[in-house]
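Please read the structure below before turning to the comments.
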Amino acid sequence: MTSAEERPETGPPSPGAPGDGGPATGAAVGGAFGRALVAGVRAAGAREVLVRGTRRLTGEQVFADAHALAARLVEHGVQPGDTVACLYGPNLESTISRLAAYILGCPYVYLLPRMPLEDVDRALRRFPVPVLLVDPSRRQHAEALTAAGFGNPCLYLEPEQVTGRRTDPSPSAQARPEALASVIFSSGTTGAAKAIAYTNHAEAAQFATALAAYGPSPWRLLVAPGPFLPDLMAQWALATGGTAILAEDDHAATMTGLIRRERVRQCEIGRPAVLYALADHLAATGSDLGELRLLLYGGTPVVPARLAAIAEQIPDVLMQNYGSSEAALIATLSPADHRRRELLGSVGRPAPHMQTKICAPDGTPLPPGHVGQLWVRSAQNMAGYIDLATGTPSDQPGVAIADRLGVLADGQPEWLPTGDAAHLDEDGYLFLAGRLTERLPSGAYPQPLENCISEHPAVIEAAVYALPDGATAVAVVPRAGHTTSLADLHAHLHRSHPASTHPQHLRLTDALPRTPGGKLDREALQRLHPAHGRPAEKGE
């Protein structure tokens with residue numbers, strides 16, 4: 001087998017001819033993806049492209065509204081190339097505001113609902129904006145910012161404020177591929193939220209990768225609510241010349257109804273917990289998924305035992321996504337891969353044009369089967385973190401974006417560490433073990449242990465974590481009518497994991513604590529454990 005770094009890199013495919021010439025406007029839309037997005041909306045004409053609840057907007061309406069909003073921004077002092085920031089929300093006008101920024105060639109800062117007010121305040125201090133765009137759902141946040149001293153006007157994205165006859169803004173300069181296109185923020189679950197900078201070139205590569213992974217034909221895509229990725233995928237759907245349906249909630253009945261009623265072909269359902277609920281709903285109601293071709297999930301680890309049952313229940317449509325805010329889409333587990341039970345603990349093979357390697361702490365590449373840190377590189381990679389103290393994208397404070405584009409002398413992107421522990425098998429499938437910071441006192445990582453424990457017939461899911469005294473514990477959600485003991489779990493683990501890695505303590509619980517993003521909250525598990533702050537009793 002050829003290793004990832006030895007495979008020839010042909011570069012991402014073009015984001016598509018529809019964007020090559022740009023829209024028929026006076027403005028030169030910034031970036032190759034921006035051109036594809038606005039051209040895709042324009043080409044849709046009288047066909048619906050954005051749907052949420054009872055609102056259904058055609059390509060003509062979105063195209064006109066985006067230009068009208070761009071003109072409003074110019075009236076508020078925004079010049080082509082200035083930074084635009086938005087208190088982003090679920091309403092269609094937030095999506096339209098991104099198009100307006102592309103029309104003006106303006107970098108766009110996503111201020112997502114999950115961000116604490118103090119992080120939003122820090123971001124706005126580093127990105128001076130003449131006017132702050134505000135989704136109607138974020139009015140209270142805007143008022144709190146104003147009360148805290150933010151002095152610039154707010155432009156509320158109410159439908160009546162955005163809707164209007166198309167008005168072309170003044171022409172903007174063609175955006176350079178290496179220029180800043182967007183800024184997003186990490187979730188902050190492992191520390192302070194980080195500002196992540198993407199260039200026009202990276203955005204175009206992300207779209208090209210999505211086309212290669214999910215199919216180039218016009219999408220009819222349903223997205224569940226969630227932080228950033230659903231919004232980005234909705235934009236990709238528009239750029240294919242397709243339709244984006246934005247669900248108002250991720251309840252199983254809602255998602256199933258929309259899939260059938262809207263004749264959805266692709267659905268981004270989000271976290272595995274939502275997938276589990278959807279499968280339970282289908283089993284209980286006897287419903288099906290209509291014309292659906294692809295059901296995408298990811299964001300947190302999946303329980304392989306539960307996934308195996310779902311793959312039999314709804315075959316040939318499941319695709320797992322694994323990625324990060326810094327590197328975008330890293331790997332996918334295809335519908336065909338879901339037929340192989342031994343791969344259900346994997347996140348799949350590298351996405352198109354993504355290179356991966358596993359390295360020891362000293363940076364030495366490791367052979368297949370060995371666990372180390374996952375490193376990745378592709379044209380999708382971020383340009384760098386933005387230092388909010390200086391406003392410059394960087395690895396180190398004060399390093400300007402021109403010095404930190406992540407491109408080597410041979411033209412290849414720079415390798416990016418993910419902070420994830422993983423191994424590759426002989427066929428290139430990637431298996432995650434956990435975050436490097438989650439390494440247990442035994443030297444093992446939690447995810448392989450959790451996957452094995454979850455195969456026990458009495459267990460729904462499990463979480464393995466370290467205790468303050470250096471011992472290891474496991475929290476287990478038991479199946480209804482079942483119970484288990486530490487001795488049972490040790491016997492089960494003994495088949496594939498050495499005794500030195502087995503948890504010393506057991507806690508039965510109705511549910512595992514999770515962060516707002518759906519990830520396991522291991523710190524909360526430590527706080528809830530009866531042994532916190534005193535020697536643990538075995539089997540607790």
Side-chain angles (χ1 to χ4, degrees), residues 9-23 27-43 66 80-81 84 95 98-110 172-184 196-219 221 228-229 231-242 244 321 323-330 332 350-355 376-384 393 401-402 404-407 411-414 416:
E9 181 63 44
T10 59
S14 165
D20 291 345
V29 176
F33 175 61
R35 294 196 301 274
L37 175 58
V38 178
V41 169
R42 178 192 58 187
V84 169
T95 303
R98 185 64 183 108
L99 273 74
Y102 277 126
I103 289 166
L104 291 175
C106 291
Y108 189 92
V109 181
Y110 290 88
S172 62
Q174 185 73 37
R176 294 174 290 113
E178 69 274 14
L180 180 67
S182 59
V183 177
I184 65 172
I196 297 165
Y198 278 119
T199 63
N200 288 305
H201 180 65
E203 285 195 342
Q206 291 163 15
F207 178 48
T209 300
L211 291 177
Y214 310 139
S217 61
W219 300 354
L221 172 74
F228 183 64
L229 179 60
D231 307 303
L232 181 57
M233 292 192 72
Q235 295 173 30
W236 291 341
L238 300 186
T240 68
N321 288 335
S324 71
S325 299
E326 292 86 352
L329 182 61
I330 295 173
T332 61
H353 315 291
M354 173 64 70
Q355 294 178 285
V376 300
R377 71 172 178 180
S378 80
Q380 300 182 81
N381 286 10
M382 67 174 183
I401 190 170
R404 182 60 188 90
L405 283 176
V407 177
Q412 293 291 323
E414 190 172 328
L416 181 69

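It should be emphasised that the depicted structure is a prediction, and the values quoted were computed from it without experimental measurement.
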L416/M382 under side-chain contact (heavy atoms from CB on, under 4.5 Å): CA gap, chis, key distance, verdict: CA-CA 9 Å; L416 181 69; M382 67 174 183; 3.9 Å; yes
Interatomic distance, [X] atom [atom1] to [Y] atom [atom2] [nearest 0.5 angstrom]:
X	Y	atom1	atom2	result
I196	Y110	CD1	OH	13.0 Å
W236	F33	CH2	CZ	8.0 Å
T209	I330	OG1	CD1	11.5 Å
L37	L238	CG	CG	6.0 Å
L180	C106	CG	SG	11.0 Å
H201	Q380	NE2	CD	10.0 Å

Shortest non-hydrogen contact from [X] to [Y]?
X	Y	answer
E178	T199	O-CG2, 3.5 Å
Y198	A327	OH-N, 3.7 Å
F207	A36	CE2-CB, 4.1 Å
R98	Y108	NH1-CB, 3.3 Å

Step-by-step side-chain contact (heavy atoms from CB on, under 4.5 Å) determination, V41 to L99: CA-CA 10 Å; V41 169; L99 273 74; 3.8 Å; yes
Which pairs would a plain distance check flag for residues 211-218, meaning a side-chain donor or acceptor within less than 3.5 Å of a matching protein atom at least two apart in sequence or in another chain?
unit_1: Y214; atom_1: OH; unit_2: N321; atom_2: OD1; d: 3.1
unit_1: Y214; atom_1: OH; unit_2: N321; atom_2: ND2; d: 3.0

Flag, side chain of N200 to backbone of A181, donor-acceptor distance under 3.5 Å: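 A pair under 3.5 Å: no.
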Worked verdict on L232 versus Q206 for side-chain contact (heavy atoms from CB on, under 4.5 Å): CA-CA 10 Å; L232 181 57; Q206 291 163 15; 4.2 Å; yes
Sub-4.5 Å side-chain heavy-atom contact between N381 and E414: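 In short, these two side chains do not touch, never coming nearer than 4.5 Å.
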